[in-house]
K.L.:
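After the structure tokens below, expect a handful of questions from me.
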Amino acid sequence: MAGGLSEINKRRLETFKRNRRGYWSFWIFLVFFVLSLGAELIANDKPILVNYDGKMHFPIFKVYPETTFGGDFEVEADYTDEFVQDLITEKNGTMIWPPIRFSYDTVDFKLDRSAPTSPDSRHLLGTDDQGRDVLARVIYGFRISVLFGLLLTFFTSVIGIATGAVQGYFGGWIDLIGQRLIEIWQGLPVLFLLIIMASVIKPSFLTLLGLMTLVGWTGLVGVVRAEFLRARNFEYIRAARALGVSDRAIIVRHTLPNAMVATLTFLPFILSGAVTTLTGLDFLGFGLPPGSPSLGELLIQGRENLHAPWLGLTGFFVLAIMLSLLVFAGEAFRDSLDPRKTFSQTAAA
């Protein structure tokens, strides 16, 4: 893979690998994230595959009525019901189940004691106060948190980079007015705005993402603006203007690549901040809809059930490990883009 890279990118990759803590943190986080993308294949109350009467069925991807397996009702089959299981086995059918036979919203009605229950062989991390498997909710909650953070980082970065580029390149009144508007926007009480909007709009993943994008896009404006203000008077930029190159081409092709080096170093930390923001909003009750698999909701469970310490400890360690991996990987990524460390370490080697 490194064979097709330029010399500078090869040096950056080597610098990234030298930071062993950040390098392995990146791969560990990537493995966790990839596994969480297939959460339905890991934790589900539906089998992955049902072989019935010589035909293959995939319940995790398609809804099958009970009549498909010889039942009496046109409702979705409950594969945890012994009656449905007997119908399938009567035709020499087989079911392949995920490793965890509970989804994030599955209530275990076969508990031998009142919920929340402590960890055991059936529920490796115990259950919450509604009888739902904690490990399943952690897997789904991890996926939602990371996807939300990635999308929020992407949208806020696009808006922030575009705004900073326009301000820094053109300068003058555009930069002056833009800075004043951004200062006013940054002074708005974000939490109060979210509380007000949550009382007006039904909270969901998309509405929360839109609201957080509106209030969080200013983070990268200052960095990009400073890079453009520095580069706008370089000789090659002046030469491009003299040759009649359009402002858009100069911004996109000549100035933006230089600004992106400094900008990219902030992205892992913006991602960790986005995950923390979603968790905090869920903990305060202004995040995802009730019942959603959320790490913040797991922390609420731990606060309200002090007699079940596994709930709070699970939420704490999942967040601590996730954010630590992101920060360590972000530090390695930042060092790989730092010319001083890249060239000094390469020369030393």
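Please read these numbers as outputs of a predicted model, since none were measured by experiment.
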K.L.:
Do Val215 and Leu211 come within less than 4.5 Å of each other through their side chains, counting heavy atoms only?
P.N.:
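They are not in contact (no side-chain heavy atoms under 4.5 Å apart), so the answer is no.
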
K.L.:
Do Leu35 and Leu319 share a hydrophobic cluster (ILVMFWY, side-chain heavy atoms under 4.5 Å, transitive)?
P.N.:
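In one cluster with Leu35: Leu319, yes.
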
K.L.:
Looking at Phe269, I'd like to know if its CZ atom is crowded, meaning that more than 12 non-hydrogen atoms belonging to other residues, nucleotides or ligands lie closer than 6.0 Å.
P.N.:
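For Phe269, atom CZ is crowded (more than 12 foreign heavy atoms under 6.0 Å).
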
K.L.:
Going through the distances and angles, do Ile182 and Gln167 end up as a side-chain contact (heavy atoms from CB on, under 4.5 Å)?
P.N.:
CA-CA 11 Å; Ile182 289 175; Gln167 287 186 217; 3.1 Å; yes

K.L.:
Take Met56 and Val50, measure what side-chain contact (heavy atoms from CB on, under 4.5 Å) needs, and give me the verdict at the end.
P.N.:
CA-CA 6 Å; Met56 298 294 183; Val50 175; over 6 Å; no

K.L.:
Before you tell me yes or no, could you show the steps for Asp105 and Arg137 under salt bridge (Lys or Arg N to Asp or Glu O under 4.0 Å), namely the whole-Å CA-CA distance, both residues' side-chain angles and the distance that decides it to 0.1 Å?
P.N.:
CA-CA 8 Å; Asp105 58 351; Arg137 293 186 65 80; over 6 Å; no

K.L.:
Taking atom CZ of Phe170 as the centre, report whether more than 12 heavy atoms of other residues, nucleotides or ligands fall under 6.0 Å from it.
P.N.:
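Count over threshold, so yes.
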
K.L.:
Assess the side chains of Thr156 and Thr213: does a donor N or O sit below 3.5 Å from an acceptor N or O?
P.N.:
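Per modelled atom types, Thr156 and Thr213 side chains form no pair under 3.5 Å.
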
K.L.:
Among Ile, Leu, Val, Met, Phe, Trp and Tyr joined by side-chain contacts under 4.5 Å, find the other residues sharing a cluster with Tyr140 and list them by chain and number.
P.N.:
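Grouped by the 4.5 Å side-chain rule, Tyr104 form the rest of the cluster around Tyr140.
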
K.L.:
CG/Asp53 to OG1/Thr68 distance, rounded to the nearest 0.5 angstrom?
P.N.:
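One gets 11.5 Å once the value is rounded to the nearest 0.5 Å.
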
K.L.:
Test side-chain contact (heavy atoms from CB on, under 4.5 Å) on His57 and Lys62; report intermediate values, then the result.
P.N.:
CA-CA 8 Å; His57 303 82; Lys62 184 179 179 180; over 6 Å; no

K.L.:
When you compare the side chains of Arg113 and Ser118, does any donor N or O come within less than 3.5 Å of an acceptor on the partner?
P.N.:
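Result is yes, a qualifying pair exists.
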
K.L.:
Step by step, work out the side-chain contact (heavy atoms from CB on, under 4.5 Å) result for Glu74 and Glu66.
P.N.:
CA-CA 6 Å; Glu74 290 286 346; Glu66 189 178 294; over 6 Å; no

K.L.:
Measuring only between side-chain heavy atoms, which start at C-beta, is Ile270 closer than 4.5 Å to Leu220?
P.N.:
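Side chain of Ile270 against side chain of Leu220, heavy atoms only: contact under 4.5 Å found.
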
K.L.:
Does Arg303 have more than 12 heavy atoms from other residues, nucleotides or ligands lying within 6.0 Å of its CZ?
P.N.:
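Counting neighbours around CZ of Arg303, more than 12 heavy atoms of other residues, nucleotides or ligands fall under 6.0 Å, so yes.
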
K.L.:
Hey, does the side chain of Asn305 reach the backbone of Ala308 with a donor-acceptor pair shorter than 3.5 angstrom?
P.N.:
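Flag not set: sc Asn305 to bb Ala308 has no pair under 3.5 Å.
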
K.L.:
Less than 4.5 Å apart, any side-chain heavy atom of Arg248 and any of Arg253?
P.N.:
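No. Closest side-chain heavy atoms not under 4.5 Å.
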
K.L.:
Working note: Arg232 + Glu227, criterion salt bridge (Lys or Arg N to Asp or Glu O under 4.0 Å); need CA distance, chi angles, decisive distance, verdict.
P.N.:
CA-CA 9 Å; Arg232 65 196 295 262; Glu227 290 293 325; over 6 Å; no

K.L.:
Under a 3.5 Å cutoff, is there a donor and acceptor pairing between the side chains of Thr207 and Ser204?
P.N.:
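Yes.
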
K.L.:
So, taking the atom named CD1 in Ile161 and the one named CD1 in Ile251, what distance separates them when rounded to the nearest 0.5 Å?
P.N.:
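Taking CD1 in Ile161 and CD1 in Ile251, the distance rounds to 13.0 Å.
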
K.L.:
Transitively linked via ILVMFWY side-chain contacts under 4.5 Å: Phe333 with Leu30?
P.N.:
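Phe333 clusters together with Leu30.
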
K.L.:
When you check the side-chain N and O atoms of Asp129 and Gln301, is any donor under 3.5 Å from an acceptor?
P.N.:
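Side chains of Asp129 and Gln301: pair found under 3.5 Å.
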
K.L.:
For the atom pair CG (Leu267) and OG1 (Thr265), what is the distance rounded to the nearest 0.5 Å?
P.N.:
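Reported value, rounded in 0.5 Å steps: 7.5 Å.
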
K.L.:
With a cut-off of under 6.0 Å to the ring centre and 45° to the axis, is Arg334 in cation-pi contact with Phe16?
P.N.:
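No.
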
K.L.:
Could you list who else is in Val107's hydrophobic cluster, with ILVMFWY side chains joined at under 4.5 Å, directly or through other members?
P.N.:
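Listed partners: Phe109.
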
K.L.:
Asp247 and Tyr169: side-chain donor and acceptor closer than 3.5 Å?
P.N.:
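Present: a donor and an acceptor within the cut-off.
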
K.L.:
For Phe316, what are the other residues in its hydrophobic cluster, where any two members join if their side-chain heavy atoms are less than 4.5 angstrom apart?
P.N.:
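Noted: Phe316 shares its cluster with Leu313, Phe317.
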
K.L.:
Asp175 vs Arg225, test: salt bridge (Lys or Arg N to Asp or Glu O under 4.0 Å). Steps then yes/no.
P.N.:
CA-CA 9 Å; Asp175 182 37; Arg225 171 178 171 269; 2.6 Å; yes

K.L.:
Quick check on the hydrophobic clustering: are Phe26 and Val34 connected, directly or via other members, by side-chain heavy-atom contacts under 4.5 Å?
P.N.:
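Yes, it is one cluster - the side chains of Phe26 and Val34 are joined through contacts under 4.5 Å.
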
K.L.:
Mind checking the CD1-CD1 spacing from Ile139 to Ile144? Nearest 0.5 Å is all I need.
P.N.:
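Nearest 0.5 Å value for the CD1-CD1 distance: 12.5 Å.
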
K.L.:
Before you tell me yes or no, could you show the steps for Phe102 and His123 under ring pair (Phe, Tyr, Trp, His ring centres under 6.0 Å), namely the whole-Å CA-CA distance, both residues' side-chain angles and the distance that decides it to 0.1 Å?
P.N.:
CA-CA 9 Å; Phe102 304 95; His123 301 281; 4.5 Å; yes

K.L.:
Around atom CD of Glu183, are there more than 12 heavy atoms from other residues, nucleotides or ligands closer than 6.0 Å?
P.N.:
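Result for CD/Glu183: enclosed.
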
K.L.:
For the residue pair Trp217 and Trp185, does the interplanar ring angle fall in the parallel (under 30°), tilted (30 to 60°) or perpendicular (over 60°) class?
P.N.:
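Tilted.
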
K.L.:
Give me the ring orientation class for Phe142 and Phe29: parallel if the planes are under 30° apart, tilted from 30 to 60°, perpendicular past 60°.
P.N.:
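Correct class here is tilted.
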
K.L.:
Does one hydrophobic cluster hold both Leu135 and Val31, with members joined at side-chain heavy-atom distances below 4.5 Å?
P.N.:
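Yes, same cluster.
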
